[in-house]
Structure formats: C-alpha cells, structure tokens
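Report on one structure; see the data block that follows.
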Amino acid sequence: MSHAHAVTSVLPMVQDVECLNEHATHNCKGMLTGGGQLHSDCDEQLLIHFRFPQNEACRIKFVRMLCPVEKRDHAPKTVRFFLNQPTLLFQNVESLKPTDEVTLEWKPST
C-alpha cells in the first residue's frame, strides 16, 4: 500500500488533527497529504492528536512510518498511543499510562 493511499483511507474519519511542537514548514498537514515530512520545531518530541467522531467505532489496523536512510538517526524510537483522551498536552501525557507503547527498529525497505 502506498503512503498516499494509506493517508487518504484514514482522513475521511478524522475530524481534526493537532500536532504540538511541529515545525512551521515541515508540519503534520504536509505529512498527511503526502507532500512532506514532519519535524519538531524545538526538541525530539511530537504530540499528534487525531480526533475521530464520537460514538462511532474506528479500528486502526496499522500505522506506517517512513524515514529516508540518511535521516534514520533522527527517526522516532518510541511511539505511545493514548485512546479516548479529549485533550493531550505534554505535561499530561507524561503522567498518563499509554494504551499501547511500541519501540521502533530500523528496517531498510525491500
């Protein structure tokens, strides 16, 4: 599945997307529309909040992250998922237990 196809298949259900610490020109909107990369503007942390319709089931089957070989040292190492949180800020996610936490490893594409 191509990146563009994966993004467009989830976007119709997303009501709103907010990304904290995103770079002004390398932002979440550019990443989601398939036209760019997502970078932090100040440190190694990003907080992306997808809001889906309430009272409507949504199953996320996979999350795919791509990173150019030359940038792999800057790629995420850990991703935490928090479900059903109306507001996410850096100060409250540090004290929340994630629904799931994934440690990523580098695998060159084949």
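No experiment lies behind these values; they were computed from the predicted model shown.
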Query - Partner set under ring-ring contact (aromatic ring centres under 6.0 Å, His included) for H26, not counting sequence neighbours - result: H23, H39
Query raised in the report: Is the CG atom of D100 crowded by more than 12 outside heavy atoms at less than 6.0 Å?
Result: yes
Query raised in the report: Crowded around K29 NZ? As in, over 12 foreign heavy atoms under 6.0 Å?
Result: no
Tell me whether [X] shares a hydrophobic cluster with [Y], the cluster being built from Ile, Leu, Val, Met, Phe, Trp, Tyr side chains joined at under 4.5 Å.
X    : Y   : result
L89  : L46 : no
V102 : F50 : yes
V79  : M31 : yes

Query raised in the report: Atom CZ in R72, atom CG in L104: separation rounded to 0.5 Å?
Result: 15.0 Å
Query raised in the report: Mind checking whether L20 and L88 have side chains closer than 4.5 Å, heavy atoms only?
Result: no
Looking at [X] and [Y], what are the two nearest heavy atoms and their distance?
X   : Y   : answer
D43 : N21 : OD1-ND2, 3.1 Å
L38 : E22 : CD1-CB, 4.1 Å
S40 : Q45 : OG-O, 3.5 Å
I48 : V17 : CG2-CG1, 4.2 Å

Report task. Give the intermediate values and the outcome of side-chain contact (heavy atoms from CB on, under 4.5 Å) for residues F82 and N92. Result -> CA-CA 11 Å; F82 300 91; N92 65 7; over 6 Å; no
Report task. Determine, stepwise, if the pair L96 / Q85 fulfils side-chain contact (heavy atoms from CB on, under 4.5 Å). Result -> CA-CA 10 Å; L96 288 174; Q85 298 296 321; 3.8 Å; yes
